[in-house]
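Some notes on the structure that comes next.
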Amino acid sequence: MDSIKYFTFSMIIFISGIRGILLNRRNILIMSMSIESMLLAVNSNFLVFSVSSDDMMGQSFALLVPTVAAAESAIGLAIFVITFRVRGTIAVESINSIQG
C-alpha cells in the first residue's frame, strides 16, 4: 500500500482547514467547517497509520473522532443559534464582546 498518497491527501485537507481558519476570521460558520475538515484529516491519518502498521488502535480512534466531532458540531450550532437570536448576527466581532 502506497501510504504517501494518503498522507499527502490528508495534509492538503489539514492545510486547507488551517487556511480557512486564518483567512476567514469574520464568519464563525466557515471557521467551524474548517475545524471539521481538520478533524477529517486527522481521522484519515489514524486510518492510514492503522492499516500500514496492522494495528487496530488507529481504527478504534477513527471511530471515536466522528462521535466527538458530531457532539462538537451540535453544541456549536446550538451556541450559534442562541447567539443569533440574542444579537442578530453571528459575526466573530460581536461574539468577542460577550462578557460573562
Side-chain angles (χ1 to χ4, degrees):
M1 180 175 136
D2 188 23
S3 59
I4 300 297
K5 291 187 249 180
Y6 298 111
F7 289 135
T8 306
F9 177 69
S10 66
M11 182 181 63
I12 290 170
I13 292 174
F14 191 81
I15 290 173
S16 69
I18 290 174
R19 183 178 160 264
I21 289 175
L22 293 178
L23 294 180
N24 297 317
R25 288 231 176 242
R26 295 186 180 200
N27 193 348
I28 193 123
L29 290 175
I30 293 176
M31 288 174 65
S32 66
M33 286 190 298
S34 298
I35 291 171
E36 293 297 325
S37 69
M38 290 168 60
L39 282 173
L40 173 71
V42 170
N43 199 15
S44 65
N45 270 340
F46 280 148
L47 289 174
V48 171
F49 277 125
S50 173
V51 169
S52 66
S53 66
D54 285 335
D55 188 18
M56 291 297 290
M57 192 60 80
Q59 293 177 12
S60 62
F61 278 129
L63 285 174
L64 292 176
V65 169
T67 306
V68 172
E72 172 205 354
S73 296
I75 292 171
L77 286 174
I79 291 172
F80 297 158
V81 168
I82 291 170
T83 305
F84 184 77
R85 285 183 184 170
V86 170
R87 299 226 179 234
T89 184
I90 54 170
V92 177
E93 293 87 16
S94 67
I95 294 174
N96 284 337
S97 66
I98 295 175
Q99 295 177 0

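Basis for what follows: all heavy atoms, side chains included, without hydrogens, waters or symmetry-related copies. Numbers here simply count residues along the sequence, with the first being 1.
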- Task: Check the surroundings of atom CZ in F7: do more than 12 heavy atoms from other residues, nucleotides or ligands lie under 6.0 Å from it?
- Result: yes
- Which pair of non-hydrogen atoms, one from M31 and one from N24, has the smallest distance, and what is that distance? CG-O, 3.2 Å
- Would you kindly confirm whether I30 and I35 end up in one hydrophobic cluster when ILVMFWY residues are joined by side chain heavy atoms under 4.5 Å apart? no
- Query: Hey, does the side chain of S52 reach the backbone of V48 with a donor-acceptor pair shorter than 3.5 angstrom?
  - Reply: yes
- Interatomic distance, I4 atom CD1 to M11 atom CE [nearest 0.5 angstrom]: 10.0 Å
- Query: Rounded to the nearest 0.5 Å, how far apart are CG of N43 and CE of M38?
  - Reply: 13.5 Å
Please output the side-chain donor-acceptor pairs of residues 62-70 that fall under 3.5 Å, not counting sequence neighbours, one pair per line with the distance.
| unit_1 | atom_1 | unit_2 | atom_2 | d |
| --- | --- | --- | --- | --- |
| T67 | OG1 | L63 | O | 3.3 |

- Drop me the distance from L39's CG to F14's CZ, to the nearest 0.5 angstrom. 9.0 Å
- Qualifying residues under side-chain hydrogen bond (donor to acceptor under 3.5 Å, both in side chains), relative to N45, sequence neighbours excluded: S10
- Tell me, please, which residues at least two apart from S73 pass side-chain hydrogen bond (donor to acceptor under 3.5 Å, both in side chains). E36
- Query: In the single-linkage hydrophobic clustering (I, L, V, M, F, W, Y; side-chain heavy atoms under 4.5 Å), do V81 and L29 co-cluster?
  - Reply: no
- Task: Please assess S32 against F80 for the test side chain to side chain contact (heavy atoms under 4.5 Å, CB included), listing each intermediate value before the final yes or no.
- Result: CA-CA 11 Å; S32 66; F80 297 158; 4.0 Å; yes
- Message: Return the OG to CE distance between S50 and M56, rounded to the nearest 0.5 Å.
- Response: 6.5 Å
- Item | Given S37, S16, S34, the one that forms side-chain contact (heavy atoms from CB on, under 4.5 Å) with I21 | S34
- Co-membership, hydrophobic cluster, residues F61 and V42, 4.5 Å side-chain: yes
